[in-house]
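For reference, the structure discussed in these notes is given below.
Excluded from the calculations below are hydrogen atoms, water molecules and symmetry mates; all remaining heavy atoms, backbone and side chain alike, are included. Numbers restart at 1 for each chain; the letters A, B, ... are given by sequence-line order, proteins then strands. No experiment lies behind these values; they were computed from the predicted model shown.
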Amino acid sequence: MDILSGLNARQIEAVTLPHRSALILAGAGSGKTRVLTSRIAYLIQKEGISPHAILAVTFTNKAAREMNARISAMIPVNLRGMWIGTFHGLCNRLLRAHHRDASLPETFQIMDSADQLSMVKRVIKALNVNDEKYPPKQMQHFINAQKEEGIRPHEISVFDSVTRTQFEIYSAYEEQCNREGAVDFAELLLRAYELLSRNEILRRHYQGRFAHILIDEFQDTNRLQYKWIRMLAGEGTAVFAVGDDDQSIYAFRGADTGNMRSFERDFHVEEVIKLEQNYRSHGNILDAANALIRHNSGRLGKNLWTSDAGGEKLRYYQAPTDQLEADYIVEEIRALHAEGVELSGIALLYRSNAQSRVLEHALFSSSLPYRVYGGLRFFERLEVKHALAYLRLIHSPDDDGALLRIINFPARGIGARTVESIQFSAGDRSLWAAACDMKPSSKVGEFVRLIQSMREACSGASLAFMVETAIEMSGLKAHYRLEKDGEDRIENLEELVNAAAAFDQEENPLVEFLSHAALEAGERQSGEGSDAVQLMTVHSAKGLEFHTVFISGLEEGLFPHGNSMNEAKGLEEERRLMYVAITRARRKLYLTSAQSRMLHGQVNYNIPSRFLSEIPEELIQHVGAPLEAEQKPVHAERKTPWKIGANVFHAKFGEGVILACEGGETGQVQIRFRRAGVKWLALEYANLIAI
DNA sequence: TTTCGGCGACTTTTT
DNA sequence: GTCGCCGAAA
């Protein structure tokens, strides 16, 4: 099969570009992944580039696996020499290979966010800093932000007591990391970056090796990732960056679309290739998406089009309450299913996870199968983390985090008091060293002997056996057997043994396994059977597509989210989020909102999202509830001319929603206006118009 | 030491 | 409405 067959002219242009850096602006549904994989296949097969000279970076492990699989399906070439993976995965690989040059221990451990947070807490406590004034979560964020800017503690400018304390925390945190031989996610990137920037021989080696670097989802790169790419790319390296600034929805965690403009400049991109033909959605859906995103400023500029013009109009339903919104959605899903639409082709999207409850409830009571994305992942589960902590402590005694996690789990009578005394007596040494000094007859002494005997039992054994041993000897399994809802946890522990077995072929099974656990937390919980409605946040829907999409909760304050207004470019990111949501739909798109909604335990009245009015009216069909005539007013408390939650228009203040009423025809109403805020108005003079 | 109850928070999330 | 954390009682 020819690599280029079935591609359009622009796609072919991108795939067959000569050896120079290029920026591909790839719209939603424009065949982005296909172009990326075809490009790699093309380079190998037609240009005779060795897989050894190719590096491909993605953001998720899933994307990396998918890419690998698709290339393998395209060309019969062994891809083993190719570097393909996530930024973190590749940096890990680099640091493992050159740990000495990076001044890391050979078996350095990777901390996930939770591990990192607990270390920050420990450090703050040890420094005797007030954790109300310096919340651990914020300090964690601070540290990561510093690392992403490439700033080490000694480079922080201290000009007041706050920055001084932040500096001290960051400093102590870094020391603790070094003592334990642990690196966090940001550190993986920064270390790898520093390694290349300081070590000219290594830098030249890799720059010479990788003739081609390809980057997926380029709009999601942060500044450090961009700098890393720049460092890795040599004179002869062609960087192929694929992204879509309109789909940048992760600015809140450091993604910087500015990298796209920097890239054009720094890599001397002569011409940006735009992939604008969309193969996913019909015309009305695309027109809606285009019209919406035009409200954003500073875009690189791109307009999706399709040969599949027209199609059904978008449907908008405004429900009186969130529950009725959910009921409407369920009824529509039922009807669609009866028409033959597969449930798994239907997605129910929402802005925040809290919204899923009402929807789940409605689906559950109508016994429609559904699947919610967003639970805990396998390696994040408590029992799994505990089991891994035993392995970590067995393997590296200096791992204070691991020791603290398990010294009293399962409970063995070592309380906070005792732990504190260990921490006190440790000084500069590890907690394990301090624990070893405690009286052998004490509970701590027992614990030390337990770990030592586990260590002996494990020496020279296979990884699967080690995991098994850890679970059994530690008493974890016995503990969960006694717990009333422990079956699932035991199952997970057994699954952990299975997972470990896959690593026994590796050179250093335990280290690889632990890295894997940190770098790839595993799939989100899978939920119910195969043909099920898909429930997820708009964020997790990115990259997916569905026959039918429901976007629910389209209300001011919810979507766009109220908190987004405080941030500089907050509203624009919300709009991109809406853009992503719209472009997930292939054939049918439903938009819904509710006039009243239960949120945080109290009823809220919201006006419809501004995004609805940013979509041309002629693309939207307003639909009423099937049973609207019979509906009982749900939140009407008193007899007033205006129902609470009703949308109104005022000549001066514009659109608003009724919050409260007092008195009758001559009384007052409280209205929240979209622009003018909350006001009490006398009904006699207000001249409100229902909308 | 463990357990239970009260209190506050509460967008989005990968590695 | 629900989860997680902290402090007080068993």
Side-chain angles (χ1 to χ4, degrees), chain A residues 57-64 85-92 110-117 121 131-132 135-137 141 144 147-148 183-190 192 216-217 220-222 224-225 248-255 322-323 349-358 360-361 373-377 379-380 382 407-419 443 515-524 536-543 553 557-567 570 573-574 576-578 580-581 597-604:
Chain A
V57 209
T58 61
F59 272 85
T60 64
N61 294 294
K62 193 173 156 217
T86 63
F87 278 99
H88 296 85
L90 295 171
C91 288
N92 178 42
I110 301 167
M111 296 184 287
D112 66 15
S113 309
D115 298 333
Q116 184 188 32
L117 183 61
K121 281 184 186 161
D131 62 356
E132 304 217 322
K137 276 242 175 65
H141 186 82
N144 288 337
K147 291 191 181 189
E148 271 164 29
V183 300
D184 58 50
F185 288 135
E187 185 71 28
L188 278 174
L189 292 165
L190 184 52
D216 190 19
E217 306 278 18
D220 288 339
T221 49
N222 66 30
L224 184 51
Q225 286 161 338
S248 161
I249 56 174
Y250 288 112
F252 73 92
R253 63 174 200 218
D322 49 351
Q323 298 196 0
L349 308 184
Y350 35 81
R351 172 68 239 271
S352 60
N353 286 307
Q355 287 165 253
S356 76
R357 239 194 55 254
V358 192
E360 282 182 66
H361 181 79
Y373 285 75
L376 265 191
R377 289 132 96 227
F379 285 104
E380 288 169 356
L382 213 58
I407 190 162
N408 198 33
F409 194 94
R412 46 176 75 89
I414 304 175
R417 237 348 190 314
T418 318
V419 172
K443 299 259 173 68
S515 305
H516 171 84
L519 290 175
E520 187 165 359
E523 292 286 300
R524 295 263 180 201
M536 63 190 86
T537 63
V538 180
H539 280 94
S540 25
K542 189 175 162 214
L558 240 200
F559 196 5
H561 197 278
N563 292 5
S564 68
M565 306 302 173
N566 311 328
E567 293 148 42
E573 178 141 316
E574 294 290 306
R576 290 193 294 270
L577 203 48
M578 181 66 184
V580 167
R597 176 178 301 276
M598 189 72 144
L599 208 62
H600 308 319
Q602 58 175 357
V603 182
N604 280 256

Q) Counting just side-chain N and O atoms, does A:N408 come under 4.0 Å of either OP1 or OP2 of B:dT2? A) yes

* Asked: Is A:D220 touching bases, backbone alone, or none of the nucleic acid, heavy atoms closer than 4.0 Å?
  -> nothing

With the side chain defined as heavy atoms from C-beta on, A:R377 is closest, among B:dT13, B:dT11, B:dT14, to B:dT14

Separation of B:dT14 atom C1' from A:D216 atom CG, nearest Å, is 14 Å

Against the side chain of A:H539, the closest entry in B:dT2, B:dT11, B:dT13 is B:dT13

With a non-hydrogen cut-off below 4.0 angstrom, is A:G601 in contact with a base, only sugar-phosphate, or nothing? base

Per atom distances to the A:T86 side chain, the nearest of B:dT14, B:dT15, B:dT11 is B:dT15

Interatomic distance, CD@A:E574 vs NE2@A:H561, rounded to 0.5 Å, equals 7.5 Å

Just call it for A:I414: base, sugar-phosphate, or nothing, with non-hydrogen atoms closer than 4.0 Å on any strand. sugar-phosphate

Separation of B:dT13 atom P from A:E148 atom CD, nearest Å, is 18 Å

Answer yes or no: is there an ion pair linking A:D220 with A:K542, defined by an N-O contact shorter than 4.0 Å? yes

request  = Would you mind checking if A:E360 and A:R357 are paired as a salt bridge, meaning a charged N to carboxylate O distance below 4.0 Å?
outcome  = no

*Counting only N and O atoms by type, is there a donor-acceptor contact under 3.5 Å from the side chain of A:Q225 to the main-chain atoms of A:F87?*
no

Q. Is any side-chain nitrogen or oxygen of A:N563 closer than 4.0 Å to OP1 or OP2 of B:dT12?
A. no

note: A:L376, atom CG; C:dC3, atom P; distance rounded to Å ~ 12 Å

Rounded to whole Å, CD of A:E574 lies from C1' of B:dT13 at a distance of 14 Å

Practice task
Describe the nucleic acid contact of A:Y250 in one word from base, sugar-phosphate, nothing, applying a heavy-atom distance below 4.0 Å.
Solution key: sugar-phosphate

Which of B:dT11, B:dT13, B:dT14 is nearest the side chain of A:T60? It is B:dT14

A:L558 atom CG is separated from B:dT12 atom P, nearest whole Å, by 11 Å

Nearest-nucleotide check on DNA chain B, A:T537 vs A:T418; residue mapping nearer the 5' end is A:T418

A:H141 NE2 to B:dT11 C1', in whole Å, measures 14 Å

_Distance, C1' atom - from B:dT12 to C:dC5, rounded to whole angstrom_ = 23 Å

Separation of B:dT2 atom P from A:R417 atom CZ, nearest Å, is 14 Å

The residue among A:T86, A:L90, A:I110 that forms side-chain contact (heavy atoms from CB on, under 4.5 Å) with A:L188 is A:I110

Testing B:dT13, B:dT11, B:dT2 for proximity to the side chain of A:H600, the answer is B:dT11

Check your understanding: Just checking A:E567: base, sugar-phosphate only, or nothing, at a heavy-atom cut-off of under 4.0 Å?
Key -> base

Classified by glycosidic angle (syn within 90° of 0, else anti), B:dT11 comes out syn

Considering only heavy side-chain atoms of A:S113, the closest of B:dT11, B:dT15, B:dT2 is B:dT15

From CZ of A:F252 across to C1' of B:dT11 the rounded distance in Å is 8 Å

_Does the plane of the ring in A:H88 sit parallel, tilted or perpendicular to the ring in A:F185? Use 30° and 60° as the thresholds._
perpendicular

Side-chain atoms of A:R351 come closest, of B:dT12, B:dT13, C:dG1, to B:dT12

* **Touch class at under 4.0 angstrom, heavy-atom based, for A:A416 against every strand present** => sugar-phosphate

Subject >> Donor-acceptor pair between A:S352 and A:Q355 side chains, under 3.5 angstrom >> reply: yes

Sorted by position of nearest nucleotide on DNA chain B, 5' first, the leading residue of A:A411 and A:N353 is A:A411

